[in-house]
Amino acid sequence: MSGRTASGTDSGTEPAIAGTEETGEADVTDVTDESEDPADSVRGAGRARWTALGTGALLSLAGLAAALLRLTGSAPALVPAAYALGAALCALAAVLGLRGRTRRALWLLVAGTTVMAVGDQFD
């Protein structure tokens with residue numbers, strides 16, 4: 001054999017995707033449909049719910065604690081209000097996460113943490 005491919009060229013490379021020689025189109029198979037188990041997606045959804053609940057509860061407790069500490073100190077009134085508002089957003093995110101609205105919960109967690117961080121800059 002001379003090392004030539006079926007196309008007659010001497011490059012030594014063959015088409016990497018099956019079906020490209022005859023039709024010019026690649027055989028596309030959806031790998032995720034074959035390997036994805038419905039039980040795995042249910043477990044992943046449950047894990048996302050519990051993560052959103054835990055993170056929201058933790059951030060809301062931290063925000064409330066910071067609001068109480070700043071309220072007793074000499075910080076401007078805007079600082080504890082920002083912490084309290086951020087804590088309320090994180091608590092709402094925890095509730096939404098428990099109900100399965102994990103995307104909205106994630107955005108509320110980000111918004112609540114951002115409000116707390118911006119409020120801290122006024123100190």
Looking at every non-hydrogen atom in both residues, tell me the closest pair between [X] and [Y] and how far apart they are.
X      : Y     : result
Pro80  : Pro76 : CD-O, 3.0 Å
Ala105 : Gly97 : CB-N, 3.7 Å
Leu108 : Ala93 : CB-CB, 3.6 Å
Gly119 : Val79 : O-CG2, 3.4 Å

Test item: Thr113 side-chain N/O and Val110 main-chain N/O as donor-acceptor pair under 3.5 Å =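 Not a single qualifying donor-acceptor pair exists.
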Side-chain heavy atoms under 4.5 angstrom apart, residues restricted to Ile, Leu, Val, Met, Phe, Trp, Tyr: same cluster for Val118 and Leu78?
->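 Yes: a chain of side-chain contacts under 4.5 Å links Val118 to Leu78.
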Residues 81-92 side chain polar contacts: donor-acceptor under 3.5 Å, at least two apart:
residue : atom : partner : partner atom : Å
Tyr83   : OH   : Asp120  : OD1          : 3.1

Less than 3.5 Å apart, which donor and acceptor atoms pair up between the side chains of residues 42-58 and the rest of the protein, not counting sequence neighbours?
residue : atom : partner : partner atom : Å
Arg43   : NH2  : Asp40   : OD1          : 2.4
Thr51   : OG1  : Arg47   : O            : 2.7
Thr55   : OG1  : Thr51   : O            : 2.8

Spacing of Leu109 atom CG and Thr114 atom OG1 [to the nearest 0.5 Å] |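 The distance works out to 10.5 Å.
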